[in-house]
Amino acid sequence: MADWDLLLTNARIATMAAKTPGYGEIEDAALAISGGRIAWIGSREDLPDGDAAKTLSLEGRWLTPALIDCHTHLVFGGDRSGEFEQRLEGASYEDIAKAGGGIMATVRATRGMSADELFAAALPRVQALAAEGVATIEIKSGYGLDVDNEIKMLEVARRLGETSAVDVRTTLLAAHTVPAEYQGKADEYTDLICNDLLPEVAARGLADAVDAYCESIAFTAPQVARVFRKAGELGLPVKLHADQLSDGGGAELAAHFNALSADHLEYTSVSGAKAIAESGAVAVLLPGAFLTLGETQKPPIDELRRQGVPLAVASDCNPGTSPICSLRNAMMLASRLFRLTPLECLAGVTREAARALGLADDRGTLEVGKRADIAAWDIHHPRELSYWIGTPQLAELLLAD
Ligand code: NIG
Ligand code: FE
């Protein structure tokens, strides 16, 4: 007879397991949890005999894997509402960046804040995501752009994970833009990342992955390649902000380095989509940035689908291009702007988001052995999670620890 910590009964379950069709629906289901892992899942009538320390009836509610926001920049100082206004008056994101605004404006604000101040500013963003069913959040650095401030950001991100119920995965994004003090000396700044910052971050275990921004206003492919080679030497997986504003061969570059994910992809070519498919990387779609920048060129969704590329969806929560601290809104936008189906949207914030973080074996679906991070919803069908706009339907978020 089995011993369980918690038995959930009278539930409807969308397992989101890859091998099952659709949402992997199980009507009148039960799910047993032991040691923070799923110990049994299936139809209630098949439930084996067992003793549960606690039993919870879900009263017919739907259970899905807890949501995963696999691309955020939610630790930052200040806001960029002034630039938002400027863009609506006609300025472009690139023009503002070239004039010293954009990412650099947030770098100045972030450098000017203590770790405690940054933590206090970021905590409500983490709480807002958790309140809508998010249990895992990736947080990037990239607004420090020197050794001390990048480390400060990563430490704040780690602390957010340690002090909240949410699990935080950190990503070093020192190659976000060339800081003012290195203007015209991007290669020297790349040296600083490779020789000083990366080794220290790796030695202190502060980052789970390394990201870069490959773009005309940021880093060239050879500079990104240097950062990625160093990350590889240090045993850190990579991901890339690729082809967001122009086709800079970012998708191919990400594929070449076996990146976990290639993110944005608005300007990715057919050959770029093929390269991602062959490498097995996840395409992370960020409709909040697409919306905010008023982009018209969409990621090549049909080609990515044809090539069988896994599609993830994330908030990209940041003060410049995606001031959206809501993964449900990102799902809503992915369906309206990119025409992802509700099933693709839900897979994109569960199974495929886990894969984009290198956590596919650990979470993102409701299967035996997976982490028991589970969202319970007051809905009649899981497609509603993309359908409703601004409607909170989370009944409960059950977390493994
Ligand atoms: O994902 N593209 C670069 N990075 C962010 C924007 C950051 C910013 O503008 O502050 C993005 O869109
Ligand atoms: Fe981003």
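All values below come from the heavy atoms of this structure, side chains included, with hydrogens, waters and symmetry mates left out. Whatever order the structure lists them in is the order used to number ligands and atoms, beginning at 1. Note that the structure is predicted; figures quoted are calculated from it, not measured.
Under a 4.0 angstrom heavy-atom cut-off, Glu215 registers as lying outside contact with ligand 1. The closest approach between Thr106 and ligand 1 stays at or above 4.0 Å for every heavy atom of the residue. For the pair Phe76 and ligand 1, no heavy-atom separation below 4.0 Å is found.
Looking only at protein heavy atoms, the nearest one to atom 11 (C) of ligand 1 is Asp316 OD2, 3.2 Å. Here the protein heavy atom with the shortest distance to atom 12 (O) of ligand 1 is Thr321 OG1, 2.6 Å. With hydrogens left out, the protein atom closest to atom 4 (N) of ligand 1 is His176 NE2, 2.8 Å, a heavy atom.
Listed by number with element, the atoms of ligand 1 under 4.0 angstrom from any heavy atom of Tyr143 are 7 (C), 8 (C), 10 (O). Contact atoms of ligand 1 toward His71: 1 (O) (distance under 4.0 Å to a heavy atom of the residue). Ligand-side atoms of ligand 1 in range of Asn318: 5 (C), 6 (C), 7 (C), 8 (C), 9 (O), 10 (O), 11 (C), 12 (O), range being under 4.0 angstrom from any heavy atom. Counting the atoms of ligand 1 from 1 in the order shown, those under 4.0 Å from a heavy atom of Arg80 are 8 (C), 9 (O), 10 (O). Residue-ligand proximity, Gln244 to ligand 1, at heavy-atom distances under 4.0 Å covers atoms 2 (N), 3 (C), 12 (O). Atom numbering of ligand 1 starts at 1 in the shown order; those under 4.0 Å from a heavy atom of Ile103 are 7 (C), 8 (C), 9 (O), 10 (O). Listed by number with element, the atoms of ligand 1 under 4.0 angstrom from any heavy atom of Tyr93 are 6 (C), 7 (C), 8 (C), 9 (O).
Between the side chains of His71 and Asp316, a donor-acceptor pair is found at a separation under 3.5 Å. A donor-acceptor pair shorter than 3.5 Å cannot be found between the side chains of Thr136 and Arg169. Using modelled atom types, one finds a donor on one side chain and an acceptor on the other under 3.5 Å when comparing Tyr213 with Gln244. Residues Thr171 and Asp211 bring no donor and acceptor atom of their side chains to less than 3.5 Å of each other. Thr106 and Arg80 share a donor-acceptor pair across their side chains, judged by distance under 3.5 Å alone. Side chains of Ser114 and Asp116: no donor on one and acceptor on the other come within 3.5 Å. Judged by distance alone, the side chains of Thr72 and Glu138 never bring a donor and an acceptor atom under 3.5 Å apart. Residues Ser57 and Glu59 bring no donor and acceptor atom of their side chains to less than 3.5 Å of each other. Side-chain contact, Thr321 with Asn318: a donor N or O sits under 3.5 Å from an acceptor N or O.
Within 6.0 Å of atom CZ in Phe119, more than 12 heavy atoms from other residues, nucleotides or ligands are found, so the atom counts as buried in its surroundings.
Applying the side-chain hydrogen bond (donor to acceptor under 3.5 Å, both in side chains) criterion to Asn258, with sequence neighbours excluded, gives no partner residue.
When the options Ile68, Leu67, Val134 are evaluated for a side chain to side chain contact (heavy atoms under 4.5 Å, CB included) with Val349, the one that passes is Leu67.
Protein N/O/S atoms closer to the Fe ion (ligand 2) than 2.8 Å number 4 in this structure.
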